[in-house]
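FYI, the numbering just counts along the sequence from 1. Note: hydrogens, waters and symmetry copies are ignored here, and every other heavy atom, side chains too, is used. Predicted model, so just to flag it, every value in this text is computed and none were measured.
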Amino acid sequence: MNIRYLDFKKQETELYDEIWELSEELDRLYKEGKDTTDTIQRFGEVLEEFLLFRQQGAKTR
């Protein structure tokens with residue numbers, strides 16, 4: 001397999017994992033009635049990073 005493709009898939013998986021973890025953290029904090037501001041901000045940053053990553057990936061394919 002192409003090394004570039006493997007790197008792409010690895011980074012994609014890492015971003016998916018981070019999004020999943022933040023989603024779980026948001027759910028937990030919300031259920032506990034705790035402040036979710038910081039987690040929401042981090043979630044937004046990771047989503048932006050993911051969108052940029054996908055846009056760049058689409059350009060290189």
Mind checking the [atom1]-[atom2] spacing from [X] to [Y]? Nearest 0.5 Å is all I need.
| X | Y | atom1 | atom2 | value |
| --- | --- | --- | --- | --- |
| R28 | K34 | CZ | NZ | 6.5 Å |
| L22 | L29 | CG | CG | 10.0 Å |
| L47 | L52 | CG | CG | 11.0 Å |

Min side-chain heavy-atom separation L6-K9 under 4.5 Å: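 Not touching, per the 4.5 Å side-chain cut-off.
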
Within-4.5 Å side-chain heavy-atom neighbours: Q11 and D7: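 Result no, sub-4.5 Å side-chain heavy-atom pair not found.
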
E48 CD: over 12 foreign heavy atoms closer than 6.0 Å: no

Whether F8 and Y5 hold their rings parallel, tilted or perpendicular, with breakpoints at 30° and 60°: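 Rings of F8 and Y5: parallel, under 30°.
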
Shared hydrophobic cluster for I40 and L51 (ILVMFWY, side-chain gaps under 4.5 Å):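 Shared cluster, no.
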
Cluster overlap F43 with Y16, hydrophobic side-chain contacts below 4.5 Å: yes

Where V46 and I19 come nearest, the two heavy atoms and their spacing: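 Heavy atoms of V46 and I19 come nearest at CG1-CG1, 3.5 Å.
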
Where at least one partner belongs to residues 13-23, residue pairs that pass salt bridge (Lys or Arg N to Asp or Glu O under 4.0 Å), sequence neighbours excluded: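 Only K10-E14 qualify under salt bridge (Lys or Arg N to Asp or Glu O under 4.0 Å).
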
Criterion salt bridge (charged side-chain N to carboxylate O under 4.0 Å, His left out) on D27 and K31, from CA distance to verdict: CA-CA 6 Å; D27 189 46; K31 286 178 181 176; 3.2 Å; yes

